[in-house]
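Working notes for the structure below.
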There are 2 protein chains.
Amino acid sequence: MQDVFSKLGPLIVGSRLKRMSDYIMRAGAEFYNSNGVDFEPKWFPLYYLLSHEKELGIMDIAQKLNISHPAVIQLAKELEKKGWITSTKSKEDARKRLLKLSKKGINLLPQLQLIWDDIREVNRQVVESQSTNVLKALEEMEAFFASKSYNERLKEYQESKK
Amino acid sequence: MQDVFSKLGPLIVGSRLKRMSDYIMRAGAEFYNSNGVDFEPKWFPLYYLLSHEKELGIMDIAQKLNISHPAVIQLAKELEKKGWITSTKSKEDARKRLLKLSKKGINLLPQLQLIWDDIREVNRQVVESQSTNVLKALEEMEAFFASKSYNERLKEYQESKK
DNA sequence: ATTAGTTACGTAATTGATTACGCAAATTTA
DNA sequence: TAAATTTGCGTAATCAATTACGTAACTAAT
């Protein structure tokens with residue numbers, strides 16, 4: 001027995017999800033690299049988002065991507081350093097800093113699209129190979145916990161035992 | 001539209017897995033807390049492992065848990081500080097440091113078991129609610145990539161397009 | 001018994017993300 | 001319109017885990 005995790009079943013759903021996610025992220029990083037594109041998977045969500053919406057403030061992005069706003073600032077700093085995005089102060093609201101893709105950033109897009117297509121295809125293969133679809137499972141989980149949170153459920157079960 | 005992620009489908013399986021894993025981990029942390037037990041989810045794998053095997057070296061543990069050995073050292077340091085584990089030099093191999101639960105650590109077990117039971121139950125509920133089972137999906141994914149890695153598949157698809 | 005190579009562990013530096021905090025601009029309310 | 005509150009952003013501190021590197025102990029080969 002080498003891998004204790006798989007034996008534990010439902011007890012450690014969390015850890016197993018993380019493990020698979022880490023694996024995929026790392027593989028993605030390698031792939032960009034071997035294609036000679038200086039891009040990291042962690043940048044994808046922000047980059048992709050900005051490629052679809054012209055301008056967004058930090059908080060908007062944080063909400064849409066479901067990450068903390070300092071994380072957005074950090075990522076933005078990195079992409080700005082690469083020259084792929086620019087930021088401007090909002091005219092309507094002086095507190096806001098709006099991010100958008102720069103020309104250089106837009107020019108990079110076609111190259112990235114090709115790579116994203118490959119990734120999308122392999123992910124599609126995985127999902128199709130499955131008798132039980134991860135994405136569907138995840139959606140179901142999210143819905144399950146949206147209707148009643150994990151912690152509420154824990155509490156309730158605990159109460160029910162008394 | 002608030003949540004961009006779900007729209008992206010197969011492109012970001014990785015991020016979605018991570019998000020769900022993070023959610024579960026955080027909920028777990030709260031639950032220990034609200035039960036007045038000073039325990040963190042990240043300790044679970046090591047603790048659980050040691051509760052089943054009497055003594056293990058750092059590297060053994062790292063392999064079994066599929067984490068880096070510095071991570072094991074770190075976790076062990078924390079558990080040792082709590083007084084729940086102790087370590088001794090191996091007599092057969094002076095390089096090895098063997099970890100095991102202390103008496104105090106063993107005494108804590110029954111309390112933890114109760115909590116783990118609750119967690120297991122709620123996880124079981126999730127899984128049973130699903131028309132597609134996350135754990136099964138994960139297992140299938142792991143098998144899929146074990147037979148041929150993500151990166152091999154990416155390369156192959158790329159070749160096939162030329 | 002020396003040397004070369006491997007294994008086990010520890011430390012340091014780095015990465016990626018979070019929470020906590022503070023400031024300034026906008027909004028609400030009295 | 002002044003005061004209180006909320007919102008948007010930035011910085012700092014912290015956390016969890018990794019990679020990279022060094023050292024000591026073991027093993028194998030000559």
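Below, chains carry the letters A, B, ... as their sequence lines are ordered, and counting in each starts from 1. Reckoned from all heavy atoms, side chains included, excluding hydrogens, waters and symmetry mates.
In summary, the aromatic rings of B:Y150 and A:F31 are positioned with their centroids too far apart to meet the 6.0 Å limit. Taking the six-membered ring for Trp and the full ring otherwise, A:F44 and A:W116 have centroids separated by under 6.0 Å.
Within 4.0 Å of A:I58, counting heavy atoms only, lie sugar-phosphate atoms of the nucleic acid but no base atom.
Checking side-chain atoms of B:R153 against main-chain N and O of B:K148 turns up a donor-acceptor pair under 3.5 Å.
Considering B:L56, B:D60, B:I58 in turn, B:D60 is the only one that fulfils the side chain to side chain contact (heavy atoms under 4.5 Å, CB included) rule with B:K96.
For A:Q111 and A:N35, the side-chain atoms include no donor-acceptor pair closer than 3.5 Å. Between the side chains of A:K100 and A:S87, no donor N or O sits under 3.5 Å from an acceptor N or O.
Proximity of A:R97 to the phosphate of D:dG10: a side-chain N or O atom is located under 4.0 Å from OP1 or OP2. The side chain of B:R95 places no N or O atom within less than 4.0 Å of a non-bridging phosphate oxygen (OP1 or OP2) of D:dT23.
Of the residues near DNA chain D, A:M59 and B:E92, the one whose nearest nucleotide (by heavy atom distance) lies more toward the 5' end is A:M59. In this structure, A:K91 and B:K77 both approach DNA chain C, and ranking their closest nucleotides by distance from the 5' end singles out B:K77.
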| task | Would you mind building the protein contact string for nucleotides 16-21 of chain C? One character per nucleotide, 5' to 3', B for base within reach (heavy atoms under 4.0 Å), S for sugar-phosphate only, - for untouched. | result | SSBBB-

